[in-house]
Number of protein chains: 2
Amino acid sequence: MIDEANDTIDRDSYEPAYAQLVRILRRQIATGVFRPGDRLPSEAQLCERYGVSPMTVRRVINILADQGVVVAEQGRGTFVKPLELGTAIFDLDRLQQLFRDESQSQVKLLEVRIVPATERTARKLAIEVGERTIFIRRLIFQGENPMLLHREYVLYDPTRPIIEAEMEVTSLRGLFMGGNESALKWGDLAIDATVLTDDEATLLHSEVGAAAFRLEHIFYDFDNRPVSWGWFICPGDRLRFTAKVGIHDQETNNP
Amino acid sequence: MIDEANDTIDRDSYEPAYAQLVRILRRQIATGVFRPGDRLPSEAQLCERYGVSPMTVRRVINILADQGVVVAEQGRGTFVKPLELGTAIFDLDRLQQLFRDESQSQVKLLEVRIVPATERTARKLAIEVGERTIFIRRLIFQGENPMLLHREYVLYDPTRPIIEAEMEVTSLRGLFMGGNESALKWGDLAIDATVLTDDEATLLHSEVGAAAFRLEHIFYDFDNRPVSWGWFICPGDRLRFTAKVGIHDQETNNP
DNA sequence: AAGTGGTCTAGACCACTAT
DNA sequence: TAGTGGTCTAGACCACTTT
């Protein structure tokens, strides 16, 4: 099982020593040399075995711990973690693709109004009931086909006359792609399952009662104030969220 | 804006220097001292400014880069990244809760059969059409209420007579919680939106046509062979996937 | 007391980018 | 050429756990 070529660090390689050791240990775990619950060799032993300094071994252990492959316990040792499904990193690529380049996608503005906040809107945007918000309804196309229906309530701030820009396509793109001028800092996302209503089905060229995703979002500014609450509706047959859990042999560490 | 207490490293604190510096820089980015696209001070400058060694600064930068807050470019500098939605870490807590302790949840076995693989099953499990698989149908309760309907095709391996154990409740729990004896290494997940069929609605005490999640899974063993393909059906009003994107002030780095 | 992980230093050398 | 990030060393000291 132990292969010299796959079990030593090649100092002439372009691959850094720490990355090689990460790969070696991950492989040993993946192939069952170390099973979940097993204790890894101590850091001192790894130093000697692979001929690297303590700092390098520590870095390797930290990377493996960050990846959720092992867990280090002070004074006891480093142990292989079992597969857990507590969290999963989901890919939003297909969603992001819609906003990547203008040629692939188009945004059609359906409605823009200034409306007083209802109780629900006020709660989501942390404002008073009756305060002014900008309600926007958009339809996002991929090529010829409508993909997403977007409803959004944006904080109406008379001191910042950004209303015009906010309604533009570029605003939505900036939301998803980021940008140097973006004032958005972070956001909450939630995925619900729902079915299309009458008007949603008409706009999206689908059928009433068809399965759909509801992707709710709240975005916050640098002062932690919510600036935008809304949700996307997407027919279930046009979108899918995928994730990988556990240990894969792929993926590097520091992109 | 610059506050001495929040801008220096306290060597007497229990919080390690690197963690303090991560917090300081994140705060400066979050409050807009450094905006997306801005270049951070060079590592040498940070060393002098905060009185730490190069290795410590490098560690801090690596952590921020791993968190997606900055991106380091060799020879150019370290730059603040804009908010992106490329990936989002979704919480599967509520799903995992179902399998955490026996008192909260129960599993009722509805059906167990040995069936030859159809074309679709064969493709998913990387076997030949007609090979034997174990088809399992389960209903998972939270307290008194049915929460999930599970359909699963498990590889039938006559050399490993694990069939009995595979059907047990503990098998499902081991799947989600991991365990020292688990042979599972990793898995693919996918979330679809769907609507309940007739029998699904009956079993789940819901209504036909109600919105629902379909959580498909494939689990693999240490030899990268798929051992289980199946999916959970959950009414949309009983489950929700949430995530945070961008920079939050919370969360530590090395749990 | 011995062994473990956790943090940190004060440099070194290299590769890359800008000027 | 100067400045940047990227890697790595060979230790040090500390906190914690086990024996």
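Below, read A as the first sequence line, B as the second, and so on, with proteins coming before strands; counting in each chain starts at 1. All figures in this text were calculated on a predicted structure; none of them were measured in a lab.
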*Output, in order, the C-alpha distance, side-chain angles, deciding distance and verdict of side-chain hydrogen bond (donor to acceptor under 3.5 Å, both in side chains) for Trp229(A) and Glu216(A).*
CA-CA 8 Å; Trp229(A) 168 60; Glu216(A) 181 178 343; 2.9 Å; yes
_Suppose we call two aromatic rings close when their centres sit under 6.0 Å apart. Are Phe241(B) and Phe213(B) close by that rule?_
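That pair passes the under 6.0 Å test.
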_Heavy atoms only, 4.0 Å cut-off, all strands: where does Ala44(B) land among base, sugar-phosphate and nothing?_
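Counting heavy atoms under 4.0 Å across all strands, no contact is made by Ala44(B).
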*For nucleotides 10-19 of chain C, just jot down a letter per nucleotide in 5' to 3' order: B, S or -, based on protein non-hydrogen atoms under 4.0 Å.*
BB---BBSS-
*Has Arg39(A) got its NZ or CZ under 6.0 Å from the middle of the six-membered ring of Phe79(A), at an angle within 45 degrees of the ring axis?*
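Judged by the rule (NZ or CZ under 6.0 Å from the ring centre, within 45° of its axis), Arg39(A) is not positioned above Phe79(A).
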Side chain of [X], heavy atoms from C-beta onward: which of [options] has the nearest atom to it?
X	options	result
Glu43(A)	dC8(C), dG6(D), dG6(C)	dG6(C)
Thr78(A)	dT9(D), dG5(C), dT9(C)	dG5(C)
Arg11(B)	dG6(C), dT7(C), dC8(C)	dC8(C)

[X] has an atom [atom1]; how far is it from atom [atom2] of [N], in whole Å?
X	N	atom1	atom2	value
Glu73(A)	dC16(D)	CD	P	14 Å
Glu15(B)	dA15(D)	CD	C1'	17 Å
Leu46(A)	dG3(C)	CG	P	16 Å
Asn62(B)	dC8(D)	CG	C1'	13 Å
Arg59(A)	dT9(D)	CZ	C1'	13 Å

*Find out whether His217(B) and Ser228(B) are in side-chain contact, i.e. whether some heavy atom of one side chain is under 4.5 Å from a heavy atom of the other.*
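His217(B) vs Ser228(B): side chains touch.
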*Considering only heavy atoms from C-beta outward, does the side chain of Val57(A) approach that of Arg59(A) to under 4.5 Å?*
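No, every pair of side-chain atoms sits at 4.5 Å or beyond.
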*Output, in order, the C-alpha distance, side-chain angles, deciding distance and verdict of side-chain hydrogen bond (donor to acceptor under 3.5 Å, both in side chains) for Gln67(A) and Arg26(A).*
CA-CA 10 Å; Gln67(A) 292 176 342; Arg26(A) 278 182 73 100; 2.4 Å; yes
Would you say [N] has OP1 or OP2 under 4.0 Å from some side-chain N or O of [X]?
X	N	result
Tyr18(A)	dT7(D)	yes
Thr56(B)	dT7(C)	no
Arg58(A)	dG5(C)	no

